[in-house]
2 protein chains.
Amino acid sequence: MASDTDLHHPARHDLRLTDVLFALSDPERLAIVRQLSDGPLEMAQCYLSDPSMPKSTKSHLMKVLREAGVIRNEPLGRGRRLSIRHDDLEARFPGLIGSVLGASVDA
Amino acid sequence: MASDTDLHHPARHDLRLTDVLFALSDPERLAIVRQLSDGPLEMAQCYLSDPSMPKSTKSHLMKVLREAGVIRNEPLGRGRRLSIRHDDLEARFPGLIGSVLGASVDA
DNA sequence: CTGATAGTTCGAATAATTTCGAACAATTCT
DNA sequence: AGAATTGTTCGAAATTATTCGAACTATCAG
């Protein structure tokens with residue numbers, strides 16, 4: 001049956017700009033989103049700056065991004081498939097995600 | 001003499017995307033920036049959602065925006081003139097401030 | 001000079017986030 | 001079924017951010 005018991009994703013019209021900006025304002029979370037800019041990834045293939053970071057912390061980073069509506073997190077096999085909610089973000093905040101991802105990656 | 005003793009503003013090349021996003025991720029701060037999008041304002045003419053908010057809190061909001069490089073805060077008469085650092089933001093993060101200010105203002 | 005206006009800064013209290021380990025759930029592999 | 005792999009969730013501890021009042025600085029008006 002449908003994955004009702006699954007993680008909640010806010011609807012497009014419920015996205016809030018400040019929540020999106022906040023989610024992207026953490027370097028680790030921004031780095032995750034950058035990795036996803038080339039296309040969906042399985043969570044296990046999504047790397048963090050500190051490889052020894054506990055999985056609960058990684059999961060929490062994903063939760064903040066998901067609850068802000070930045071990423072989609074769906075079950076895939078025994079893991080999770082992560083993707084940027086491009087269409088929804090573009091519909092609500094045109095140009096935003098592009099300018100964030102387009103910005104140079106340095107300091 | 002020169003306002004050496006004045007508030008510090010980060011140089012253009014020192015602006016960090018995450019700091020800018022964080023500064024803009026607070027509804028009150030974002031509302032301030034929106035007011036400035038029509039042009040510079042004196043701080044006293046810059047209104048907050050809660051008019052009874054203490055001036056120390058208001059000053060702190062401005063500080064976060066200034067330290068992130070979002071706004072300029074310079075002495076003018078007995079007050080302060082606030083303005084968005086459009087050129088610097090555009091140079092470092094093209095399109096970003098426009099997409100943030102362009103986004104619809106609702107919930 | 002005095003008083004009023006406009007802000008900044010400091011320190012302390014409060015609130016919100018982040019981090020981590022342990023416990024739990026679902027899926028795959030053998 | 002049992003073990004390994006991937007993650008989520010919960011609760012407590014640690015870190016950050018916010019809020020506020022009081023003290024201080026500077027400018028302007030009289």
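All values below come from the heavy atoms of this structure, side chains included, with hydrogens, waters and symmetry mates left out. We name chains A, B, ... by the order of the sequence lines, and we start the count at 1 in each one.
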- Test A:Arg80 against A:Met62 for side chain to side chain contact (heavy atoms under 4.5 Å, CB included), laying out the working first. CA-CA 11 Å; A:Arg80 292 263 157 189; A:Met62 299 308 178; over 6 Å; no

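Here the side chain of B:Leu61 is nearest to one of D:dT19, C:dG7, D:dA22, namely D:dT19. Taking only side-chain atoms of A:Thr57, from C-beta outward, the nucleotide of C:dC20, C:dT17, D:dT6 with the closest atom is C:dC20. Comparing C:dC20, D:dA17, C:dG7 against the side chain of B:Phe22 picks out D:dA17 as the nearest. Across C:dG7, C:dG21, D:dT6, the shortest atom-to-atom separation from the side chain of A:Lys55 is found for D:dT6. Among the nucleotides D:dT8, D:dC28, C:dT18, the one closest to any side-chain atom of A:Leu7 is D:dT8. Taking only side-chain atoms of B:Arg80, from C-beta outward, the nucleotide of C:dT8, C:dA4, C:dT9 with the closest atom is C:dT8. Among the nucleotides C:dT27, C:dA6, D:dT9, the one closest to any side-chain atom of A:Arg78 is C:dT27.
Within the 4.0 angstrom heavy-atom criterion, no nucleotide atom of any strand lies near B:Met62. Using a 4.0 Å heavy-atom cutoff across all strands shown, B:Arg29 reaches sugar-phosphate atoms only and no base atom.
Contact annotation: side chain of A:Ser59 to base of D:dG7, donor-acceptor pair absent below 3.5 Å.
Distance, A:Gln45 CD to D:dT6 C1': 11 Å, rounded to whole Å. A straight line from NE2 of B:His60 to P of C:dT14 spans 18 Å, rounded to a whole angstrom. Per the geometry, NE2 belonging to B:His8 stands 17 Å off C1' belonging to C:dT9, to the nearest Å. For the pair A:Arg81 CZ and D:dT6 P, the computed distance is 18 Å after rounding to whole Å. Spacing between atom CG of B:Asp26 and atom P of C:dA16 amounts to 12 Å, rounded to whole angstrom units. The distance between atom CG of B:Asp50 and atom P of D:dC20, rounded to the nearest whole Å, is 8 Å. Rounding to whole angstrom units, OH of residue B:Tyr47 and P of C:dA6 are separated by 10 Å.
OP1 and OP2 of C:dG7 both lie 4.0 Å or more from every side-chain N or O belonging to B:Asn73.
In this structure, the side chain of B:Glu42 does not engage the main chain of B:Leu82 through any donor-acceptor pair within 3.5 Å. Distance alone, capped at 3.5 Å, is enough to place a donor-acceptor pair between the B:Arg92 side chain and the B:Leu15 backbone.
Heavy atoms only, all atoms of each residue included: A:Pro75 and A:Asp6 are closest at CD-OD2, 3.0 Å.
Remark: of the listed residues A:Val33, A:Val64, A:Leu101, A:Val33 is the sole one forming a side-chain contact (heavy atoms from CB on, under 4.5 Å) with A:Leu24.
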